[in-house]
Each structure stands twice: as structure tokens, then as C-alpha cells.
Protein chains: 2
Amino acid sequence: MKAERSLAEILRERGYRLTPQRMIVLEAVEASDHHISAEEIHTKAHARYPYMNISTVYRTLELLKELDLVAETDLGGGRLVYHPAGKAHHHHLVCRKCGKVQDIDRTVFERLRDELKDRYGFNAEFEHMGIFGTCEACRGQ
Amino acid sequence: MKAERSLAEILRERGYRLTPQRMIVLEAVEASDHHISAEEIHTKAHARYPYMNISTVYRTLELLKELDLVAETDLGGGRLVYHPAGKAHHHHLVCRKCGKVQDIDRTVFERLRDELKDRYGFNAEFEHMGIFGTCEACRGQ
DNA sequence: AATATTATTGCAATAGCTTGCATAAGCAAT
DNA sequence: ATTGCTTATGCAAGCTATTGCAATAATATT
Ligand SMILES: [Zn+2]
Ligand SMILES: [Zn+2]
Ligand SMILES: [Zn+2]
Ligand SMILES: [Zn+2]
């Protein structure tokens with residue numbers, strides 16, 4: 001499978017070890033083309049590999065974040081969700097009142113990104129953001 | 001004290017009760033003109049009111065957020081920090097590599113706010129934001 | 001293939017924050 | 001002041017996520 005091969009390459013390049021746990025977690029994130037939580041990943045992974053521990057899931061997700069393979073986002077559901085990086089060409093608006101999660105275009109952050117780079121030399125990470133506020137429907141009460 | 005009186009008014013208007021715990025938490029947030037964590041608030045409050053419980057601090061902060069009296073922000077220190085709302089005319093850039101927290105002007109989010117309102121009818125909350133990324137010093141390795 | 005090295009894992013403990021529930025206390029009416 | 005109604009608090013338990021540590025297993029070397 002392509003994902004496995006490229007993961008192996010990426011890990012090797014950076015001096016990390018290729019373990020079954022890491023492959024299983026990455027595959028679980030990539031297989032769900034929507035958002036997936038650590039607990040959901042653990043449940044799926046556990047079916048394939050009964051000794052898989054939830055802390056290994058978290059540690060693997062942390063690594064995959066560092067390698068820019070997954071994005072971690074708070075969408076207000078009480079647990080963080082994960083999304084394959086690069087495939088996340090969007091962000092989300094999260095309504096505090098009704099909880100609705102709306103997709104928006106990724107371009108909305110480009111100007112801000114550029115401004116932060118120009119004015120402060122800061123390289124901001126705006127990959128798959130959750131933006132909290134009030135949606136149109138809820139604003140009229 | 002002005003803060004107490006206006007808090008009393010605000011609470012009454014909205015049908016909430018004016019309790020010593022609530023006053024103590026709000027005063028602790030306002031007294032620290034920098035960022036303060038729930039645990040720091042609890043420590044300060046406990047000195048004045050020995051029965052003060054940490055869960056009351058959290059519940060009061062939740063209420064003060066609803067009343068738009070305090071802003072809650074993740075600045076990467078492992079605990080959320082609180083800041084008097086309205087006084088927070090700035091945001092922060094948080095470097096993932098060195099942990100540095102830099103102040104930036106509040107105006108950087110205005111254009112984005114307007115665009116989200118215009119395009120999606122969404123009223124985004126950009127009060128005292130923490131933006132994660134890599135600072136200039138760390139980008140050169 | 002066997003061995004040595006050391007990163008990674010599983011487990012249990014911990015941290016920060018939230019929630020359920022019985023008791024306490026704020027407020028209004030008397 | 002007393003009473004009754006209802007919100008808010010303290011306490012303990014629970015939840016998501018993180019961390020310390022000893023055992024395990026991936027890789028390099030022989
Ligand atoms: Zn998404
Ligand atoms: Zn809404
Ligand atoms: Zn600040
Ligand atoms: Zn830095």
C-alpha cells in the first residue's frame with residue numbers, strides 16, 4: 001500500500017522506527033476521510049491488534065503531527081479530532097450555541113498568514129482550523 | 001470597588017446570584033493584568049476564602065466567559081489562561097519549538113472577522129487568541 | 001542467525017478540567 | 001426576622017489526554 005511505503009520512507013529518513021502500531025494509526029486516520037478521534041482510532045486499531053494501547057495512539061498521533069502527516073483540531077465535541085494533513089483543504093466554523101460545524105474555504109487564512117509572516121516573521125500553522133463563534137441562524141436568537 | 005458593583009449589576013440583570021466566590025474569582029482575574037490560570041486563581045482565592053473549591057473556580061470562569069467578562073486562551077503552557085475581556089487588546093503568537101509567547105496587535109484579525117461575517121454570516125470570536133507556529137528565531141533552526 | 005543497542009510500547013499513575021448529586025446559601029415574599 | 005423556593009457550592013467521581021518507568025521489540029552490527 002502506498003501510504004505504508006511512504007510512511008516507512010518518511011520514518012526512516014528521520015530516524016524513527018517503523019512499528020505496526022504506527023502503520024495502523026496512520027491507516028486509520030487516512031481511511032476515515034472525515035474527522036476521527038483518538039478513541040475511535042483506538043477502537044479500530046484494537047480490532048486489528050488487540051494489545052494496542054490508547055497511550056500509543058496518542059503518542060503516535062503526536063509523532064504524525066510533527067511529521068506533518070495529520071492535523072489535530074478542536075471542533076468542540078469534547079475530544080480532539082484528527083485529519084490527514086494535505087487532504088484538509090478547508091477549515092471549520094463551530095457555533096457555540098447550536099454546535100453546528102460548517103466547512104469553509106482554506107483561502108480565508110492566507111492573508112492573515114502572510115501578514116503574520118511579514119510583520120512578525122512568524123510562520124503560523126493554519127492547517128484545518130476550528131473557529132468558534134455564533135452562526136447566522138443562532139444570531140437572530 | 002467598581003468591579004464589584006458592576007458585577008453585581010450584571011449578574012442581577014441576567015438573573016444570576018451574587019456570591020462571594022464569584023466576586024473573588026472576578027477580582028483575581030482583574031487584579032492580575034497579565035494571564036492567570038484556574039489553579040492560580042484558586043490559590044489566591046483560597047487564601048481569602050478557605051472553602052473555595054477548584055470546581056467553583058471553573059464554573060465561575062465558565063459563567064464569566066458567557067457574560068463576556070473574561071477571555072479564555074490556550075497559550076501552550078499546559079493549562080488554559082484567563083484575561084479580563086475588553087482589556088485584551090492584543091493576541092499572542094506561540095512558538096511550538098521554543099515556547100516563546102509574543103504579543104501582537106488586535107487588528108490582525110479584523111479583516112478575517114469581516115470576511116467570515118460577509119461570506120458565511122458567522123460571528124467569529126477572536127478575543128485574545130493564541131496562534132501556534134514557528135517564530136523567526138526558530139525558523140532558521 | 002545471534003547479539004547489542006536503544007527507541008517504542010504497555011501499563012499504571014497523574015494532570016487538567018468537567019459533571020452528578022446532596023447540602024448550603026442567595027433572594028423574594030411574607 | 002422567618003419561610004420557601006431555587007440556584008450555587010463542595011465533594012467525589014469521571015473524562016480526555018499526558019507522563020514515568022520497566023519490559024519489549026526494531027534496527028544495526030557481528
Ligand atoms: Zn475538516
Ligand atoms: Zn448556531
Ligand atoms: Zn495576552
Ligand atoms: Zn521559537
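Throughout, protein chains are lettered first and strands after them, A, B, ... in sequence-line order, and every chain is numbered starting at 1. A quick note: this is a predicted structure, and the numbers were derived from the prediction, not measured.
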For [X] and [N], what is the distance between atoms [atom1] and [atom2] respectively, to the nearest whole Å?
| X | N | atom1 | atom2 | answer |
| --- | --- | --- | --- | --- |
| B/Leu80 | C/dT18 | CG | C1' | 12 Å |
| B/His42 | D/dT9 | NE2 | C1' | 12 Å |
| A/Glu40 | D/dA17 | CD | C1' | 16 Å |
| B/Asp74 | D/dT18 | CG | C1' | 14 Å |
| A/Tyr58 | C/dA12 | OH | P | 18 Å |
| B/Arg14 | D/dA8 | CZ | P | 13 Å |
| A/Glu13 | D/dT27 | CD | P | 14 Å |
| A/Ile54 | D/dT18 | CD1 | P | 11 Å |

Any Lys/Arg nitrogen of B/Lys44 or B/Glu27 sitting under 4.0 Å from an Asp/Glu carboxylate oxygen of the other?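 A salt bridge is absent here (no side-chain N lies under 4.0 Å from a carboxylate O).
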Between B/Arg14 and B/Glu66, is there a side-chain N and carboxylate O pair less than 4.0 Å apart?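 No, B/Arg14 and B/Glu66 are not salt-bridged.
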List every contact pair, protein side and nucleotides 6-10 of chain C side both N or O, where the distance is under 3.5 Å.
unit_1, atom_1, unit_2, atom_2, d
C/dT6, O2, A/Arg17, NH1, 3.3
C/dT6, O2, A/Arg17, NH2, 2.9
C/dA7, O4', A/Arg17, NE, 3.4
C/dA7, O4', A/Arg17, NH2, 3.2
C/dA7, N3, A/Arg17, NH1, 3.1
C/dT8, OP1, A/Arg17, N, 2.9
C/dT8, OP1, A/Arg22, NH1, 2.7
C/dT8, OP1, A/Arg22, NH2, 3.2
C/dT8, O5', A/Arg22, NH2, 3.2
C/dT9, OP1, A/Thr19, OG1, 2.9
C/dT9, O3', A/Gln21, NE2, 2.9
C/dG10, OP1, A/Gln21, NE2, 3.2
C/dG10, OP1, A/Tyr51, O, 3.0
C/dG10, OP2, A/Asn53, N, 3.4
C/dG10, OP2, A/Thr56, OG1, 2.4
C/dG10, N7, A/Arg59, NH2, 3.0
C/dG10, O6, A/Arg59, NH1, 3.4
C/dG10, O6, A/Arg59, NH2, 2.9

Residues [X] and [Y]: side-chain donor-acceptor under 3.5 angstrom:
| X | Y | result |
| --- | --- | --- |
| A/Thr107 | A/Glu110 | no |
| A/Ser37 | A/Glu40 | yes |
| A/His128 | A/His35 | yes |

DNA chain C: B/Pro20 or B/Glu62, which has the more 5' nearest nucleotide?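 By nearest-heavy-atom nucleotide position, the 5'-most residue is B/Glu62.
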Assign each of A/Arg12 and A/Val81 to its nearest nucleotide of DNA chain D by heavy atoms, then name whichever residue's nucleotide is nearer the 5' end.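 On the 5' side of the pair lies A/Val81.
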Hey, do the aromatic rings of A/His90 and A/His83 have their centres closer than 6.0 Å?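 Close enough - the centres of the two rings lie under 6.0 Å apart.
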